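So the structure is just underneath, and the comments pick up after that.
On a predicted model such as this, the values are computed, not experimentally measured, just so you know. Every chain is numbered from 1 and lettered A, B, ... according to where its sequence line falls, protein lines coming before strand lines.
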There are 2 protein chains.
Amino acid sequence: MIVIDYKDRRPIYEQIVERFQELILKGILGADTQLPSVRNLAMELSINPNTIQKAYTELERQGYTYSVKGKGSFIAETDILLKKKKDEILEAATLLVKVAKEYGVSKDEFINAISNGFKEEA
Amino acid sequence: MIVIDYKDRRPIYEQIVERFQELILKGILGADTQLPSVRNLAMELSINPNTIQKAYTELERQGYTYSVKGKGSFIAETDILLKKKKDEILEAATLLVKVAKEYGVSKDEFINAISNGFKEEA
DNA sequence: CCATCTGTACTATGTATATTAATACAGTTA
DNA sequence: TAACTGTATTAATATACATAGTACAGATGG
């Protein structure tokens with residue numbers, strides 16, 4: 001479920017946060033699903049429990065999960081999160097267009113690169 | 001010409017590298033233009049000369065500049081660099097499409113966000 | 001009630017990176 | 001020769017990341 005890439009220069013806790021966000025937003029982990037316990041996941045990944053906790057704290061801060069002392073950490077409702085993610089993607093697209101224009105990438109080149117991406121399968 | 005953003009979490013030398021890349025790629029600094037000396041720019045930005053040197057070393061490594069001991073650092077030929085930059089932008093666009101698809105952003109939504117960006121002025 | 005699981009908090013340590021500081025050396029130029 | 005260039009080196013400091021160990025509070029099943 002979770003894999004740490006040690007060649008990745010980003011911190012471990014950040015990789016874990018991002019991976020769970022992905023699993024949650026893609027519906028692989030549904031609402032109220034229990035996450036692995038801090039200690040179990042740390043054991044499984046052979047890293048320190050504190051690093052997992054840091055990731056879980058961040059996930060909760062961002063609204064992806066909720067934690068109950070003594071019970072565990074659980075997936076939150078994802079409707080708003082998915083909407084937010086889509087908005088982020090569209091915003092990133094708009095920003096990229098801005099940069100493309102600044103560096104003289106033509107609209108045709110740009111649209112072409114994008115259409116190819118959408119063309120493949122439905 | 002160069003401004004350091006201390007609210008930015010990225011290192012100073014990296015901000016300087018990026019800023020010069022921008023100035024070079026946009027033609028604001030043409031080929032063979034002399035860059036500010038390590039010590040002068042350090043003084044102007046109120047930071048350590050070593051930090052500037054780190055930025056200059058990186059710029060040279062990436063082919064944006066060339067340095068001559070005793071003379072100074074100068075802007076390199078930019079034709080290939082600009083081409084490379086455009087390719088990076090198109091590659092980023094392709095990647096963004098991939099992510100958009102994964103999260104269920106429709107082609108229409110996506111193309112719409114992009115067209116608006118290109119629409120404004122020529 | 002108790003053992004064992006959960007999240008959470010805290011201190012200490014090791015390490016890597018970024019930055020500053022202070023020199024020093026080599027090459028250019030007026 | 002003086003004053004400028006890039007370049008190299010060593011040391012000190014600050015911060016972030018990760019590990020290690022311990023502790024506490026709440027939940028739960030026997």
Side-chain angles (χ1 to χ4, degrees), chain A residues 1-21 23-24 29 31-76, chain B residues 1-21 23-24 29 31-76:
Chain A
M1 196 74 98
I2 306 287
V3 177
I4 298 172
D5 179 7
Y6 285 99
K7 293 184 298 293
D8 195 329
R9 60 208 164 290
R10 289 174 316 161
I12 295 174
Y13 83 92
E14 208 173 298
Q15 294 185 39
I16 294 171
V17 166
E18 206 168 78
R19 180 62 178 140
F20 271 114
Q21 290 176 338
L23 291 170
I24 293 167
L29 295 178
D32 300 321
T33 303
Q34 184 165 4
L35 275 67
S37 80
V38 167
R39 293 172 182 80
N40 275 355
L41 186 54
M43 187 107 72
E44 187 189 323
L45 300 179
S46 301
I47 62 176
N48 196 280
N50 291 342
T51 304
I52 303 294
Q53 193 191 340
K54 187 167 187 178
Y56 280 16
T57 300
E58 180 61 16
L59 282 166
E60 187 171 16
R61 195 190 65 78
Q62 294 183 20
Y64 282 83
T65 61
Y66 60 93
S67 298
V68 185
K69 206 191 295 189
K71 301 191 73 175
S73 295
F74 306 87
I75 309 294
Chain B
M1 194 75 98
I2 307 287
V3 176
I4 297 173
D5 179 6
Y6 286 99
K7 293 186 297 296
D8 194 330
R9 62 210 162 287
R10 289 174 317 159
I12 296 174
Y13 82 92
E14 208 172 297
Q15 294 184 40
I16 294 172
V17 166
E18 205 168 78
R19 180 61 179 140
F20 271 114
Q21 290 176 338
L23 291 170
I24 293 167
L29 296 177
D32 300 320
T33 304
Q34 183 164 4
L35 275 67
S37 79
V38 167
R39 293 171 181 82
N40 274 357
L41 186 55
M43 186 107 71
E44 188 188 321
L45 300 179
S46 301
I47 62 176
N48 195 280
N50 293 342
T51 304
I52 303 294
Q53 194 192 337
K54 187 166 188 179
Y56 280 15
T57 300
E58 180 61 16
L59 282 167
E60 187 171 16
R61 195 190 66 76
Q62 293 184 20
Y64 281 85
T65 61
Y66 60 94
S67 297
V68 184
K69 205 192 292 188
K71 300 191 73 174
S73 295
F74 305 87
I75 309 296

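- Residue-to-nucleotide proximity on DNA chain D shows that, of B/G70 and A/E14, the 5′-proximal contact is made by B/G70.
- Residues B/V38 and B/P49 share a closest heavy-atom pair of CG1-O, 3.4 Å.
- With D/dT19, C/dA9, D/dA8 as the choices, the nucleotide that has an atom nearest any side-chain atom of B/N50 turns out to be D/dA8.
- Computed from coordinates, the B/F74 CZ to C/dT28 P distance equals 12 Å when rounded to whole Å.
- Comparing D/dG6, D/dT19, C/dT8 by their closest approach to the side chain of B/S67 singles out D/dG6.
- For the pair A/I52 CD1 and D/dC17 P, the interatomic distance rounds to 15 Å; values are reported in whole Å.
- Using a 4.0 Å cut-off, no side-chain N or O of A/K71 falls inside it from OP1 or OP2 of D/dG26.
- Ranking D/dA20, C/dT20, C/dT8 by closeness to the A/N48 side chain, first place goes to D/dA20.
- Distance CG/A/L59 to CG/A/L35: 7.0 Å, rounded to 0.5 Å.
- Taking atom NZ of A/K54 as the reference point, atom C1' of C/dA9 lies 15 Å away to the nearest angstrom.
- When distances run from any side-chain atom of B/Y56 to the nucleotides D/dG6, C/dA9, D/dA8, the shortest one goes to D/dG6.
- Straight-line distance from the CD atom of A/Q34 to the C1' atom of C/dG7: 11 Å, rounded to whole Å.
- Looking at the side chain of B/S37, the nearest of the listed nucleotides C/dT19, C/dT8, D/dT5 is D/dT5.
- Residue B/K69 contributes atom NZ, which lies 14 Å from atom P of C/dT29 at whole-angstrom precision.
- With the nearest nucleotide of DNA chain D identified for both A/P49 and A/V68, A/P49 has the one nearer the 5' end.
- A straight line from CZ of B/R10 to P of C/dA18 spans 13 Å, rounded to a whole angstrom.
- An OP1 or OP2 oxygen of D/dC17 is reached within less than 4.0 angstrom by a side-chain nitrogen or oxygen of A/Y13.
- A/Y56 and A/S73 make their closest contact through CD2-OG, 3.7 Å (heavy atoms, listed as atom of the first residue, atom of the second, distance).
- Between B/T51 and C/dT20, a side-chain N or O to OP1/OP2 separation shorter than 4.0 Å is present.
- Taking only distance into account, the side chain of A/R39 meets the base of C/dT8 through a donor-acceptor pair shorter than 3.5 Å.
- Under a 3.5 Å cut-off, the side chain of B/R19 and the backbone N or O of B/I4 do not form any donor-acceptor pair.
- Across all strands shown, A/T57 has no heavy atoms under 4.0 Å from either base or sugar-phosphate atoms.
- Dashed line: the shortest gap from a side-chain N or O of A/N40 to OP1 or OP2 of C/dT6 is under 4.0 Å.
- For the pair A/T65/A/L29, no side-chain contact is recorded, criterion being any heavy-atom separation below 4.5 Å from C-beta on.
- Rounded to whole Å, atom P of C/dA16 lies 15 Å from atom OH of A/Y6.
- Taking atom CD on A/E58 and atom P on C/dT8, their separation rounds to 13 Å, with Å as the unit.
- Side-chain contact check for A/I52 versus A/N40: every heavy-atom pair is 4.5 Å or farther apart.
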